[in-house]
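When a ligand or atom number is given, it counts from 1 through the structure's own listing order.
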Amino acid sequence: MLIETFKVGPLFTNCYILTCKKTRESIIIDPGFDSKIEANKIIKTINSNNLELTLILNTHGHPDHTCGNGLIKDSFDVPILIHRFDSQMIGGATMENTLLFGLKNPSPKPDILIVDGNTIKFGVIKLKVIHTPGHTRGSVSLLSDKEFFSGDTLFSGSIGRTDLPGSSRYDMEKSLKKIVSLPEYLLVYPGHGPETNIGLEKDTNPFLRILNL
Ligand SMILES: [Zn+2]
Ligand SMILES: [Zn+2]
């Protein structure tokens with residue numbers, strides 16, 4: 001699997017393009033860009049590398065992860081996937097929420113609602129959906145053979161906020177317990193900030209210690 005990372009939008013959200021090396025089929029995770037300029041850079045990358053984009057995947061419903069959904073969908077006409085518990089956070093009357101984040105483009109409605117245990121396939125690559133609520137009710141992480149895409153649940157040295165509407169500290173603790181039981185070699189690609197791995201976070205992340213994990 002090829003992984004390209006773009007830091008996008010005012011909150012420096014990590015947007016990932018994942019590509020199957022064999023078939024060139026790709027998916028985009030969290031297109032959190034709010035401007036046509038940023039969108040065009042990513043659209044150009046997809047086109048100039050002959051990637052076949054198959055879907056848009058949101059780790060959760062916050063506008064800084066979803067506000068580029070429409071810009072990508074306009075160009076490639078691919079479905080938007082999000083966990084069913086965050087489905088109300090995008091599309092429809094979410095402009096207020098989008099503006100609260102200082103962003104202009106609300107996402108269109110989702111096309112496919114995902115749940116824990118679903119498998120996302122592109123080419124020969126499979127990503128397993130793991131429901132990791134806490135930051136939002138419908139936050140998901142995605143697991144492949146060597147990689148773990150953690151959204152705003154786990155960051156390098158930190159964790160996602162649990163003081164927002166729809167957040168739950170209790171759920172976050174349960175989700176982090178799930179994550180620390182995963183293999184230590186897994187590379188973690190978070191929703192913001194640098195990459196890390198499960199072993200390093202278990203050893204050094206103070207938030208995992210506070211929660212006695
Ligand atoms: Zn978030
Ligand atoms: Zn975020």
Side-chain angles (χ1 to χ4, degrees), residues 3-18 27-35 38-39 42 56-72 80-92 94-110 113-114 116 127 129-142 147-176 178-179 187-196 201 205 207-208 211:
I3 302 171
E4 270 205 89
T5 309
F6 301 85
K7 293 210 182 307
V8 298
L11 297 176
F12 304 106
T13 304
N14 287 327
C15 166
Y16 298 105
I17 295 180
L18 314 186
I27 69 167
I28 186 164
I29 299 180
D30 289 348
F33 36 81
D34 199 35
S35 75
E38 279 186 300
I42 283 166
I56 300 163
L57 184 58
N58 295 139
T59 59
H60 61 293
H62 282 149
D64 62 315
H65 295 252
T66 60
C67 63
N69 283 354
L71 295 166
I72 291 295
I80 298 168
L81 282 68
I82 193 164
H83 190 277
R84 66 187 186 98
F85 288 167
D86 274 9
S87 62
Q88 301 298 321
M89 293 172 77
I90 63 172
T94 54
M95 196 60 199
E96 200 179 309
N97 194 18
T98 308
L99 290 170
L100 253 171
F101 274 72
L103 302 167
K104 303 185 292 288
N105 292 302
S107 167
K109 284 197 169 79
L113 303 184
I114 52 174
D116 188 74
L127 291 181
V129 175
I130 302 180
H131 185 211
T132 49
H135 178 65
T136 64
R137 286 184 66 221
S139 285
V140 296
S141 300
L142 302 148
E147 297 90 6
F148 184 72
F149 298 87
S150 61
D152 281 4
T153 302
L154 179 68
F155 300 130
S156 171
S158 188
I159 59 172
R161 286 175 63 175
T162 52
D163 59 339
L164 300 165
S167 296
S168 159
R169 204 188 134 101
Y170 174 74
D171 284 348
M172 176 62 98
E173 193 168 340
K174 283 208 295 188
S175 295
L176 292 170
K178 258 193 222 178
I179 292 173
L187 290 171
V188 176
Y189 292 84
H192 302 270
E195 289 149 30
T196 179
E201 291 313 302
N205 190 321
F207 290 87
L208 301 186
L211 295 170

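The side chain to side chain contact (heavy atoms under 4.5 Å, CB included) test with Phe149 singles out one residue from Asp30, Leu142, Leu57, Ile130, and that residue is Leu142. Tested against Asn58, the residues Val140, Ile80, Leu81 include a single side chain to side chain contact (heavy atoms under 4.5 Å, CB included) partner, Ile80.
Nearest N/O/S atom of Asp64 relative to the Zn ion (ligand 2): this is OD2. Restricting His65 to its N, O or S atoms, the one at the least distance from the Zn ion (ligand 2) is NE2. Summary: ND1 is the N/O/S atom of His62 found nearest to the Zn ion (ligand 1).
Not less than 6.0 angstrom separates the ring centroid of His135 from the ring centroid of His65.
With the Zn ion (ligand 1) at the apex, His60 NE2 and His135 NE2 define an angle of roughly 110° (rounded to 10 degrees). Put simply, the angle at the Zn ion (ligand 2) from NE2 in His192 to OD2 in Asp152 is close to 110°, to the nearest 10°.
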side-chain contact (heavy atoms from CB on, under 4.5 Å) evaluation trace for Ile72 with Ile42
CA-CA 9 Å; Ile72 291 295; Ile42 283 166; 4.2 Å; yes
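Between His131 and His83, the two ring planes are parallel [angle under 30°; tilted spans 30° to 60°].
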